[in-house]
Amino acid sequence: MTKLSVNINKIATLRNSRGEGKPSVVKAAIDSERFGAQGITVHPRPDERHITKQDVYDLTEVVTTEFNIEGYPDQRFMDIVKDVKPAQATLVPDAPDAITSNAGWDTVKHETYLKEIVEKLKSFGTRVSIFVDPDPIMVEGAYKIGADRIELYTEPYAKNYSEDKDAAVKPYIFAANKAKELGLGINAGHDLDLENLRFLKQSLPQLDEVSIGHALISDAIYLGLDNTINLYLQQLREED
Ligand SMILES: CC(=O)[C@@H](O)[C@H](O)COP(=O)(O)O
Ligand SMILES: NCC(=O)COP(=O)(O)O
């Protein structure tokens, strides 16, 4: 079964636009889980453009499914994960001023650095996922640094999906097969939506988790959060 982890970054974006507490990210997490989300993902970026450090501490008190904290492993991130001990930490190579995550790790070039980080995160009792491009070499690098899972960066898939979905998904099949061969768990995320999710799932039956935020929260503005989460869950059900 592929789990849906709802990324609530964009709830915090809307909240921060007025500098007050509405909409509440805590309420969004509680309700998302009540509506069927099997995980909550947040990305507490250094500039706190959306999810703040305090949000993470508030959320850890209420999240009952899997809490997934994404981020670049600077000291602030490591301190947060050490304190909160989420089910999963997902390492992304984002620069502090990146408008969004736009690449996977070079797990070969940064092997020594990442190996130390992964070891420390695992000592907190947290599962570690490494954000990578769909490149078997980068997947193998994630294995060598001791990661538990990879997260396949799916923006390229999403971008090419409408033009040629078979070509778009092909690198991901190779990368996922490599991960499986090495015993790594397989997550995926970035720019997944109601149009492209089902085909990805059908193409990668071994997918453990997708984390989806921007499109899902955007859809929820029109369709409602309950209905939207269930539409995404429906895309992940094998039998449909
Ligand atoms: C790692 C990833 O692809 C996304 O979770 C990313 O963290 C989204 O960040 P923004 O919500 O800031 O665009
Ligand atoms: N790891 C991907 C994620 O959490 C959400 O990415 P997006 O759906 O906001 O692009």
Side-chain angles (χ1 to χ4, degrees), residues 3-92 94-101 117 120-129 131 148-149 151 187 189-190 192 209-221 223-230 232-233:
K3 290 185 176 181
L4 171 66
S5 185
V6 173
N7 181 313
I8 57 173
N9 289 350
K10 299 302 163 20
I11 299 286
T13 299
L14 184 56
R15 179 209 49 202
N16 292 359
S17 65
R18 275 290 175 90
E20 294 157 13
K22 207 170 179 180
S24 158
V25 292
V26 166
K27 183 175 184 337
I30 292 169
D31 287 344
S32 295
E33 292 184 330
R34 186 159 56 88
F35 299 149
Q38 294 137 331
I40 297 296
T41 292
V42 293
H43 190 151
R45 292 182 181 275
D47 63 7
E48 299 202 329
R49 68 187 75 164
H50 42 55
I51 292 288
T52 67
K53 180 174 179 179
Q54 186 55 50
D55 285 333
V56 181
Y57 290 86
D58 294 344
L59 285 164
T60 197
E61 297 301 317
V62 300
V63 171
T64 58
T65 57
E66 284 217 335
F67 198 17
N68 175 36
I69 302 178
E70 296 184 329
Y72 181 86
D74 58 14
Q75 194 57 52
R76 174 180 173 271
F77 178 86
M78 297 300 282
D79 291 344
I80 290 171
V81 175
K82 186 177 181 182
D83 288 345
V84 166
K85 294 182 174 45
Q88 179 173 265
T90 299
L91 302 184
V92 296
D94 295 7
D97 60 352
I99 186 170
T100 188
S101 305
I117 294 291
K120 195 169 289 183
L121 289 170
K122 289 173 88 168
S123 74
F124 304 154
T126 290
R127 182 174 69 223
V128 182
S129 178
F131 198 61
D148 299 295
R149 293 193 185 180
E151 176 172 340
N187 296 346
H190 205 93
L192 294 176
E209 174 188 287
V210 290
S211 43
I212 306 177
H214 193 88
L216 189 149
I217 301 300
S218 303
D219 291 336
I221 293 171
L223 304 171
L225 189 57
D226 187 353
N227 182 32
T228 298
I229 287 175
N230 281 282
Y232 276 83
L233 287 170

Closest non-hydrogen contact found for L59 with F67 is CB-CZ, 3.7 Å

Rounding to 0.5 Å, atoms CD1 (I99) and CG (D94) come to a distance of 11.5 Å

Run the salt-bridge test on R45 and D47 with the 4.0 Å N-O cut-off and return the result as yes or no. no

Exercise. Would you check, one step at a time, whether the test side chain to side chain donor-acceptor pair (under 3.5 Å) holds for N68 with T90?
Key: CA-CA 7 Å; N68 175 36; T90 299; 2.8 Å; yes

dist I69:CD1 -> I40:CD1 (nearest 0.5 Å) comes out at 12.0 Å

Q.
Is the shortest side-chain heavy-atom distance between N9 and V42 below 4.5 Å?
A. yes

- Message: Would you say that T65 contacts K3 through its side chain, given a criterion of any heavy-atom pair below 4.5 Å between the two side chains?
- Response: no

Checklist entry - So do the side chains of D83 and T60 get within less than 4.5 Å of each other, counting heavy atoms only? => result no

**Asked** Taking side chain as C-beta onward, heavy atoms only, is D148 less than 4.5 Å from K122?
**Response** yes

Would you check, one step at a time, whether the test side-chain contact (heavy atoms from CB on, under 4.5 Å) holds for K82 with T126? CA-CA 9 Å; K82 186 177 181 182; T126 290; over 6 Å; no

Closest non-hydrogen contact found for L225 with A28 is CD2-O, 4.3 Å

OH (Y72) and CD1 (I117) are apart, to the nearest 0.5 Å, by 8.0 Å

Separation between CG (N7) and OG (S32), nearest 0.5 Å, reads 10.5 Å

Closest non-hydrogen contact found for F131 with G189 is CE1-O, 3.9 Å

R34 bridged to D31 by N-O distance under 4.0 Å: yes

State, with a plain yes or no, whether a side-chain heavy atom of H190 is found less than 4.5 Å away from one of T100.
-> yes

Scanning both residues in full, the closest heavy-atom pair of Y57 with I80 reads OH-CA, 3.7 Å

When every non-hydrogen atom of Y232 is compared with those of L216, the smallest separation belongs to OH-N, 3.6 Å

Quiz prompt | Residues R15 and D55 bridged, charged N to O under 4.0 Å | solution = yes

Note to self: One pair to check against side-chain contact (heavy atoms from CB on, under 4.5 Å): V63 and E33. What are the steps and the verdict?
What the structure shows: CA-CA 8 Å; V63 171; E33 292 184 330; 3.3 Å; yes

Here the gap from Q38 atom CD to I229 atom CD1, rounded to the nearest 0.5 Å, amounts to 10.0 Å

Between the CD atom in E48 and the NE2 atom in H50, the distance rounded to the nearest 0.5 Å is 10.5 Å

Sorted by chain and residue number, the salt bridge (Lys or Arg N to Asp or Glu O under 4.0 Å) partners of E66 (sequence neighbours excluded) come out as R127

Within a strict 4.5 Å, meaning less than it, do heavy atoms of the E70 and S211 side chains meet?
yes

ask   = Does the side chain of I217 come within less than 4.5 Å of T13's, by heavy atoms?
value = no

Open item on the list: Before you tell me yes or no, could you show the steps for E209 and S5 under side chain to side chain donor-acceptor pair (under 3.5 Å), namely the whole-Å CA-CA distance, both residues' side-chain angles and the distance that decides it to 0.1 Å?
Closed with: CA-CA 7 Å; E209 174 188 287; S5 185; 4.8 Å; no

Next on the checklist: Can you confirm whether F35 sits close enough to L233 that some side-chain heavy atom of one is under 4.5 Å from a side-chain heavy atom of the other?
Outcome noted: no

